[in-house]
Amino acid sequence: MKPLTSTKITSFQKKIFKWWEANRRVFPWRETTEPYAILVSELMLQQTQAPRVVEKFNQFVEVFPDLESLAKAQKFEILQLWSGLGYNRRAIWLQEAAQMIIERKEFPNTPEELQKMKGIGKYSAHSILIFAFNYDLATVDTNIRRILVAEKFAEEKTSERDLWEIAKKLVPKGRSRDWHNALMDYGSIELTVAKTGIKPLTKQGKFKGSDREYRGKILKLLLESKKITINQMITVLNLQEVKLESILQKMVKENLIKKKGKYYSV
DNA sequence: GTCCCGTTAC
DNA sequence: GTAACGGGAC
(Lines give C-alpha, C1' and ligand atoms only; values in the text may rest on other atoms or scores of the structure.)
Protein backbone atom coordinates (compact mmCIF):
# COMPACT_ATOMS: atom_id res chain seq x y z
CA MET A 1 0.00 0.00 0.00
CA LYS A 2 1.12 3.51 -0.77
CA PRO A 3 1.86 5.60 2.30
CA LEU A 4 -0.53 8.52 2.21
CA THR A 5 1.94 11.37 1.80
CA SER A 6 0.62 14.73 0.69
CA THR A 7 2.61 14.38 -2.51
CA LYS A 8 0.88 11.11 -3.36
CA ILE A 9 -2.49 12.59 -2.55
CA THR A 10 -1.94 15.69 -4.66
CA SER A 11 -0.68 13.75 -7.64
CA PHE A 12 -3.63 11.36 -7.49
CA GLN A 13 -6.05 14.30 -7.34
CA LYS A 14 -4.35 15.91 -10.33
CA LYS A 15 -4.48 12.68 -12.28
CA ILE A 16 -8.19 12.13 -11.61
CA PHE A 17 -9.22 15.71 -12.46
CA LYS A 18 -7.07 15.69 -15.58
CA TRP A 19 -8.73 12.50 -16.73
CA TRP A 20 -12.14 13.88 -15.85
CA GLU A 21 -11.72 17.01 -18.00
CA ALA A 22 -11.80 14.79 -21.06
CA ASN A 23 -14.09 12.02 -19.87
CA ARG A 24 -16.82 13.41 -17.65
CA ARG A 25 -20.28 11.95 -18.01
CA VAL A 26 -23.38 14.13 -18.10
CA PHE A 27 -26.36 13.18 -15.90
CA PRO A 28 -29.45 15.24 -15.06
CA TRP A 29 -28.77 15.04 -11.31
CA ARG A 30 -25.42 16.69 -11.95
CA GLU A 31 -27.17 19.73 -13.40
CA THR A 32 -28.67 20.59 -10.03
CA THR A 33 -27.56 20.98 -6.43
CA GLU A 34 -31.07 21.14 -5.06
CA PRO A 35 -31.13 18.85 -2.01
CA TYR A 36 -34.49 17.34 -2.91
CA ALA A 37 -33.38 16.36 -6.41
CA ILE A 38 -30.12 14.96 -5.05
CA LEU A 39 -32.07 12.91 -2.50
CA VAL A 40 -34.25 11.44 -5.26
CA SER A 41 -31.24 10.60 -7.41
CA GLU A 42 -29.32 8.92 -4.58
CA LEU A 43 -32.21 6.65 -3.65
CA MET A 44 -32.63 5.75 -7.32
CA LEU A 45 -28.94 5.09 -7.80
CA GLN A 46 -28.73 2.55 -4.97
CA GLN A 47 -28.18 -0.85 -6.56
CA THR A 48 -29.07 0.59 -9.95
CA GLN A 49 -26.74 1.61 -12.77
CA ALA A 50 -26.75 5.30 -13.66
CA PRO A 51 -27.86 4.97 -17.32
CA ARG A 52 -30.99 3.15 -16.16
CA VAL A 53 -31.84 5.94 -13.73
CA VAL A 54 -31.67 8.91 -16.14
CA GLU A 55 -35.17 8.74 -17.64
CA LYS A 56 -36.82 7.69 -14.36
CA PHE A 57 -35.20 10.60 -12.55
CA ASN A 58 -36.38 13.10 -15.16
CA GLN A 59 -39.96 11.87 -15.03
CA PHE A 60 -40.00 11.70 -11.25
CA VAL A 61 -38.81 15.25 -10.59
CA GLU A 62 -41.13 16.56 -13.27
CA VAL A 63 -44.19 15.00 -11.64
CA PHE A 64 -42.96 15.62 -8.10
CA PRO A 65 -40.82 18.78 -8.32
CA ASP A 66 -40.34 19.26 -4.57
CA LEU A 67 -40.59 17.69 -1.13
CA GLU A 68 -44.15 18.94 -0.62
CA SER A 69 -45.55 17.37 -3.78
CA LEU A 70 -43.87 14.04 -3.05
CA ALA A 71 -44.89 14.05 0.60
CA LYS A 72 -48.57 14.29 -0.24
CA ALA A 73 -48.55 12.14 -3.38
CA GLN A 74 -50.58 8.96 -3.91
CA LYS A 75 -48.47 5.87 -3.40
CA PHE A 76 -49.92 4.43 -6.58
CA GLU A 77 -48.48 7.24 -8.65
CA ILE A 78 -45.09 7.04 -6.97
CA LEU A 79 -44.81 3.30 -7.54
CA GLN A 80 -45.91 3.70 -11.14
CA LEU A 81 -43.12 6.18 -11.76
CA TRP A 82 -40.70 3.88 -9.96
CA SER A 83 -41.77 0.84 -11.95
CA GLY A 84 -38.80 -0.66 -13.78
CA LEU A 85 -36.14 0.51 -11.35
CA GLY A 86 -36.50 -2.43 -8.98
CA TYR A 87 -36.23 -2.59 -5.18
CA ASN A 88 -39.59 -0.85 -4.90
CA ARG A 89 -39.30 -0.34 -1.15
CA ARG A 90 -36.94 2.50 -1.98
CA ALA A 91 -39.88 4.45 -3.40
CA ILE A 92 -41.80 4.06 -0.14
CA TRP A 93 -38.78 5.08 1.88
CA LEU A 94 -38.24 8.10 -0.36
CA GLN A 95 -41.75 9.39 0.28
CA GLU A 96 -41.38 8.75 4.02
CA ALA A 97 -38.12 10.70 3.97
CA ALA A 98 -39.83 13.59 2.18
CA GLN A 99 -42.59 13.60 4.81
CA MET A 100 -40.06 13.57 7.66
CA ILE A 101 -38.11 16.46 6.15
CA ILE A 102 -41.28 18.51 5.67
CA GLU A 103 -42.14 17.89 9.29
CA ARG A 104 -38.77 18.94 10.64
CA LYS A 105 -38.92 22.00 8.37
CA GLU A 106 -35.32 21.97 7.16
CA PHE A 107 -33.23 19.68 5.05
CA PRO A 108 -30.89 17.60 7.25
CA ASN A 109 -27.28 18.75 7.06
CA THR A 110 -25.45 15.97 8.90
CA PRO A 111 -24.95 12.30 7.99
CA GLU A 112 -26.43 11.31 11.36
CA GLU A 113 -29.69 13.15 10.73
CA LEU A 114 -30.01 11.74 7.24
CA GLN A 115 -29.32 8.20 8.40
CA LYS A 116 -32.29 8.35 10.73
CA MET A 117 -34.41 7.94 7.62
CA LYS A 118 -35.14 4.50 6.26
CA GLY A 119 -33.40 3.83 2.99
CA ILE A 120 -30.54 6.22 3.70
CA GLY A 121 -27.42 4.45 4.93
CA LYS A 122 -23.91 5.76 5.42
CA TYR A 123 -23.05 5.91 1.75
CA SER A 124 -26.22 7.76 0.71
CA ALA A 125 -26.12 10.16 3.65
CA HIS A 126 -22.61 11.26 2.80
CA SER A 127 -23.33 11.37 -0.94
CA ILE A 128 -26.35 13.60 -0.47
CA LEU A 129 -24.37 16.11 1.57
CA ILE A 130 -21.50 16.03 -0.90
CA PHE A 131 -23.60 16.51 -4.03
CA ALA A 132 -26.10 18.95 -2.55
CA PHE A 133 -23.84 21.08 -0.35
CA ASN A 134 -20.29 20.28 -1.44
CA TYR A 135 -19.37 19.46 2.17
CA ASP A 136 -15.83 18.25 2.82
CA LEU A 137 -16.86 14.64 3.36
CA ALA A 138 -15.94 11.37 1.71
CA THR A 139 -18.17 8.54 0.61
CA VAL A 140 -17.34 4.95 -0.28
CA ASP A 141 -19.39 2.66 -2.50
CA THR A 142 -18.27 -0.49 -4.29
CA ASN A 143 -17.01 1.66 -7.16
CA ILE A 144 -14.82 3.87 -5.01
CA ARG A 145 -13.59 0.87 -3.02
CA ARG A 146 -12.45 -0.68 -6.29
CA ILE A 147 -10.54 2.50 -7.18
CA LEU A 148 -8.78 2.61 -3.80
CA VAL A 149 -7.69 -1.00 -4.21
CA ALA A 150 -6.69 -0.69 -7.87
CA GLU A 151 -4.67 2.47 -7.17
CA LYS A 152 -2.97 0.76 -4.21
CA PHE A 153 -4.34 3.06 -1.54
CA ALA A 154 -5.97 0.01 0.01
CA GLU A 155 -6.10 -3.76 -0.32
CA GLU A 156 -8.99 -6.11 -0.98
CA LYS A 157 -8.97 -7.08 2.67
CA THR A 158 -8.93 -3.49 3.99
CA SER A 159 -11.75 -2.95 6.48
CA GLU A 160 -14.74 -0.71 5.83
CA ARG A 161 -13.57 1.64 8.55
CA ASP A 162 -10.12 2.02 7.03
CA LEU A 163 -11.52 2.50 3.53
CA TRP A 164 -13.56 5.47 4.73
CA GLU A 165 -10.56 6.92 6.51
CA ILE A 166 -8.37 6.63 3.42
CA ALA A 167 -11.11 8.05 1.18
CA LYS A 168 -11.45 11.05 3.48
CA LYS A 169 -7.77 11.86 3.19
CA LEU A 170 -7.96 11.90 -0.60
CA VAL A 171 -10.76 14.47 -0.85
CA PRO A 172 -9.55 17.87 -2.11
CA LYS A 173 -10.87 20.54 0.27
CA GLY A 174 -13.74 22.56 -1.15
CA ARG A 175 -14.08 20.32 -4.17
CA SER A 176 -15.79 17.20 -2.83
CA ARG A 177 -18.69 17.42 -5.30
CA ASP A 178 -16.44 17.46 -8.37
CA TRP A 179 -14.10 14.97 -6.78
CA HIS A 180 -16.74 12.33 -6.20
CA ASN A 181 -18.33 12.81 -9.59
CA ALA A 182 -14.87 12.40 -11.11
CA LEU A 183 -14.16 9.28 -9.07
CA MET A 184 -17.48 7.70 -9.99
CA ASP A 185 -16.76 8.24 -13.67
CA TYR A 186 -13.18 7.07 -13.40
CA GLY A 187 -14.16 3.90 -11.57
CA SER A 188 -16.98 2.92 -13.84
CA ILE A 189 -15.16 3.69 -17.10
CA GLU A 190 -11.47 3.02 -16.45
CA LEU A 191 -11.43 0.59 -13.55
CA THR A 192 -14.24 -1.84 -14.23
CA VAL A 193 -14.50 -5.15 -12.38
CA ALA A 194 -13.62 -6.89 -15.64
CA LYS A 195 -10.41 -4.85 -16.04
CA THR A 196 -9.24 -4.93 -12.43
CA GLY A 197 -10.53 -8.28 -11.22
CA ILE A 198 -11.50 -6.54 -7.97
CA LYS A 199 -14.92 -7.92 -7.12
CA PRO A 200 -17.63 -6.52 -4.83
CA LEU A 201 -17.61 -7.91 -1.30
CA THR A 202 -20.92 -9.75 -1.52
CA LYS A 203 -22.70 -11.78 -4.13
CA GLN A 204 -26.42 -11.62 -4.82
CA GLY A 205 -28.54 -14.73 -4.59
CA LYS A 206 -30.25 -16.18 -7.63
CA PHE A 207 -33.08 -14.05 -8.98
CA LYS A 208 -35.00 -16.63 -10.98
CA GLY A 209 -37.63 -18.35 -8.86
CA SER A 210 -36.87 -16.13 -5.84
CA ASP A 211 -39.38 -14.19 -3.75
CA ARG A 212 -37.74 -11.10 -5.16
CA GLU A 213 -38.89 -12.06 -8.63
CA TYR A 214 -42.46 -12.71 -7.48
CA ARG A 215 -42.67 -9.49 -5.51
CA GLY A 216 -41.79 -7.60 -8.65
CA LYS A 217 -44.45 -9.44 -10.61
CA ILE A 218 -47.08 -8.94 -7.91
CA LEU A 219 -46.49 -5.20 -7.76
CA LYS A 220 -46.59 -4.94 -11.52
CA LEU A 221 -49.94 -6.76 -11.54
CA LEU A 222 -51.35 -4.43 -8.92
CA LEU A 223 -50.18 -1.37 -10.80
CA GLU A 224 -51.97 -2.63 -13.91
CA SER A 225 -55.19 -3.86 -12.30
CA LYS A 226 -55.68 -1.46 -9.38
CA LYS A 227 -57.01 -4.28 -7.20
CA ILE A 228 -56.94 -8.05 -7.39
CA THR A 229 -57.78 -11.09 -5.22
CA ILE A 230 -55.33 -13.70 -4.08
CA ASN A 231 -57.07 -16.33 -6.21
CA GLN A 232 -56.57 -14.23 -9.32
CA MET A 233 -52.91 -13.87 -8.46
CA ILE A 234 -52.50 -17.60 -7.99
CA THR A 235 -53.80 -18.15 -11.51
CA VAL A 236 -51.74 -15.44 -13.16
CA LEU A 237 -48.47 -16.15 -11.35
CA ASN A 238 -48.89 -19.92 -11.14
CA LEU A 239 -47.80 -19.92 -7.52
CA GLN A 240 -48.78 -21.91 -4.43
CA GLU A 241 -51.26 -20.16 -2.15
CA VAL A 242 -49.16 -20.53 1.02
CA LYS A 243 -46.13 -19.17 -0.74
CA LEU A 244 -48.05 -16.24 -2.19
CA GLU A 245 -49.66 -15.44 1.15
CA SER A 246 -46.36 -15.15 2.96
CA ILE A 247 -44.98 -12.88 0.26
CA LEU A 248 -48.09 -10.67 0.31
CA GLN A 249 -48.01 -10.43 4.08
CA LYS A 250 -44.47 -9.07 4.00
CA MET A 251 -45.35 -6.59 1.28
CA VAL A 252 -48.27 -5.30 3.35
CA LYS A 253 -46.02 -4.94 6.37
CA GLU A 254 -43.52 -2.94 4.31
CA ASN A 255 -46.28 -0.53 3.26
CA LEU A 256 -45.86 -1.47 -0.37
CA ILE A 257 -49.39 -2.79 -0.74
CA LYS A 258 -52.58 -3.02 1.30
CA LYS A 259 -55.38 -5.51 1.83
CA LYS A 260 -59.03 -4.50 1.94
CA GLY A 261 -61.40 -7.44 2.40
CA LYS A 262 -60.30 -9.99 -0.16
CA TYR A 263 -58.71 -7.42 -2.45
CA TYR A 264 -55.09 -6.40 -2.59
CA SER A 265 -54.06 -3.02 -4.01
CA VAL A 266 -51.17 -0.57 -3.77
C1' DG B 1 -25.70 -13.35 7.10
C1' DT B 2 -30.06 -12.98 4.23
C1' DC B 3 -33.48 -10.63 1.95
C1' DC B 4 -34.82 -6.79 -1.29
C1' DC B 5 -35.38 -5.89 -8.44
C1' DG B 6 -34.88 -5.36 -13.40
C1' DT B 7 -31.83 -4.62 -17.23
C1' DT B 8 -27.75 -5.49 -19.82
C1' DA B 9 -23.82 -8.39 -21.02
C1' DC B 10 -22.10 -12.72 -22.02
C1' DG C 1 -30.60 -19.16 -20.70
C1' DT C 2 -27.66 -17.41 -16.83
C1' DA C 3 -24.51 -14.24 -14.65
C1' DA C 4 -23.23 -9.57 -13.48
C1' DC C 5 -24.38 -5.18 -11.71
C1' DG C 6 -25.35 -2.14 -7.45
C1' DG C 7 -26.67 -0.08 -0.91
C1' DG C 8 -29.61 -0.78 3.03
C1' DA C 9 -32.77 -3.00 6.51
C1' DC C 10 -33.25 -6.42 9.77
Side-chain angles (χ1 to χ4, degrees), chain A residues 25 27 29 38-57 59-60 78-97 100 111-131 138-147 149 160 163-164 167 180 183-224 237 243 246-257 266:
Chain A
R25 297 180 296 178
F27 294 118
W29 49 88
I38 299 297
L39 171 72
V40 172
S41 73
E42 284 305 329
L43 267 286
M44 287 188 169
L45 287 163
Q46 291 171 4
Q47 297 294 99
T48 312
Q49 298 89 334
R52 280 182 54 209
V53 171
V54 173
E55 207 36 52
K56 293 289 176 185
F57 172 83
Q59 288 171 8
F60 200 93
I78 297 173
L79 288 172
Q80 238 176 7
L81 279 167
W82 200 271
S83 184
L85 275 178
Y87 295 112
N88 302 293
R89 292 187 297 189
R90 293 180 296 169
I92 306 299
W93 293 336
L94 178 56
Q95 185 182 31
E96 287 172 3
M100 281 177 70
E112 293 72 29
E113 287 299 311
L114 278 166
Q115 281 182 250
K116 285 179 184 167
M117 305 179 189
K118 259 194 190 171
I120 303 179
K122 189 174 182 186
Y123 164 77
S124 301
H126 286 76
S127 292
I128 289 165
L129 297 174
I130 289 164
F131 295 123
T139 197
V140 179
D141 65 349
T142 181
N143 200 30
I144 291 176
R145 170 181 173 272
R146 203 174 56 250
I147 297 172
V149 175
E160 191 77 357
L163 286 172
W164 279 81
H180 285 91
L183 277 187
M184 299 288 181
D185 291 347
Y186 184 68
S188 60
I189 293 170
E190 295 293 333
L191 299 179
T192 59
V193 176
K195 277 189 204 171
T196 62
I198 302 162
K199 299 212 199 71
L201 290 167
T202 54
K203 276 206 299 279
Q204 289 285 339
K206 275 205 200 337
F207 179 53
K208 193 153 169 33
S210 67
D211 286 5
R212 242 155 74 228
E213 183 183 19
Y214 288 115
R215 286 166 59 103
K217 286 182 174 170
I218 290 166
L219 193 66
K220 201 152 182 257
L221 267 181
L222 291 177
L223 289 174
E224 286 160 2
L237 300 172
K243 178 85 173 157
S246 82
I247 294 176
L248 287 168
Q249 205 178 64
K250 276 179 80 172
M251 292 178 77
V252 169
K253 201 176 164 205
E254 290 165 12
N255 248 324
L256 264 174
I257 64 174
V266 300

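Below, chain A is the first sequence line, B the second, and so on; all start at residue 1. Computed from a prediction, not measured in an experiment: that's the story for all the values here. In what follows, every heavy atom counts, from backbone to side chain, and hydrogens, waters and symmetry copies are set aside.
- For Leu85(A) and dG6(B), the CG to P distance is 9 Å, given to the nearest whole Å.
- Lys250(A) and Asp211(A) are not joined by a salt bridge, as no carboxylate oxygen comes within less than 4.0 angstrom of a charged side-chain nitrogen.
- Under 4.0 angstrom from either OP1 or OP2 of dG8(C) there lies at least one side-chain N or O belonging to Ser124(A).
- A salt bridge links Glu213(A) with Lys217(A): the distance from a Lys NZ or Arg NE/NH1/NH2 to an Asp or Glu carboxylate oxygen falls below 4.0 Å.
- Contact check, Lys118(A) against dC10(C): a side-chain N or O comes under 4.0 Å of OP1 or OP2.
- For Gln204(A) and dG7(C), a side-chain-to-base donor-acceptor distance below 3.5 Å is present, hydrogens and geometry of angles not being considered.
- Nucleic acid contact class of Ile120(A) (heavy atoms, under 4.0 Å, all strands): sugar-phosphate only.
- Among the heavy atoms of the strands lying under 4.0 Å from Asn88(A) are primed sugar atoms or P, OP1, OP2 only; no base atom is included.
- Here dC4(B) presents its P atom at 11 Å from CH2 of Trp93(A), a figure rounded to the nearest Å.
- Distance from the side chain of Arg52(A) is smallest for dG6(C) among the nucleotides dC4(B), dG6(C), dG7(C).
- Counting only heavy atoms from C-beta outward, the side chains of Ile38(A) and Ile130(A) never approach each other to under 4.5 Å.
- Rounded to an integer number of Å, the gap from Gln49(A) CD to dC5(B) C1' is 11 Å.
- Contact annotation: side chain of Glu254(A) to base of dC4(B), donor-acceptor pair absent below 3.5 Å.
- The pair Arg146(A)-Glu190(A) does not count as a salt bridge, with every side-chain nitrogen at least 4.0 angstrom from each carboxylate oxygen.
- Met251(A) comes within 4.0 angstrom of nothing in the nucleic acid, heavy atoms only.
- dT2(B) atom P lies 16 Å from atom CD of Gln47(A), rounded to whole Å.
- Arg90(A) has no side-chain polar atom (N or O) that falls below the 4.0 Å cut-off from OP1 or OP2 of dG8(C).
- Heavy atoms of Tyr87(A) sit under 4.0 angstrom from at least one base atom.
- Toward the 5′ end of DNA chain C lies the nearest nucleotide of Phe207(A), the other residue of the pair Phe207(A) and Lys122(A) mapping further downstream.
- For the pair Leu183(A) and Ile147(A), the minimum side-chain heavy-atom distance is below 4.5 Å.
- Between Glu42(A) atom CD and dG8(C) atom P there is a gap of 9 Å when expressed in whole angstrom units.
- Residue Lys250(A) places at least one side-chain N or O closer than 4.0 Å to OP1 or OP2 of dC4(B).
- Under the 6.0 Å cut-off for aromatic ring centres, Trp29(A) and Phe131(A) do not qualify, their centroids lying 6.0 Å or more apart.
- Between Gln46(A) atom CD and dG6(B) atom P there is a gap of 16 Å when expressed in whole angstrom units.
- Per the geometry, CG belonging to Leu183(A) stands 15 Å off P belonging to dG6(C), to the nearest Å.
- One atom, CZ of Arg89(A), and another, C1' of dC4(B), lie 4 Å apart when rounded to the nearest Å.
- Closest approach to the Lys206(A) side chain among dT7(B), dC5(B), dA3(C) is made by dA3(C) (side chain taken as heavy atoms from C-beta onward).
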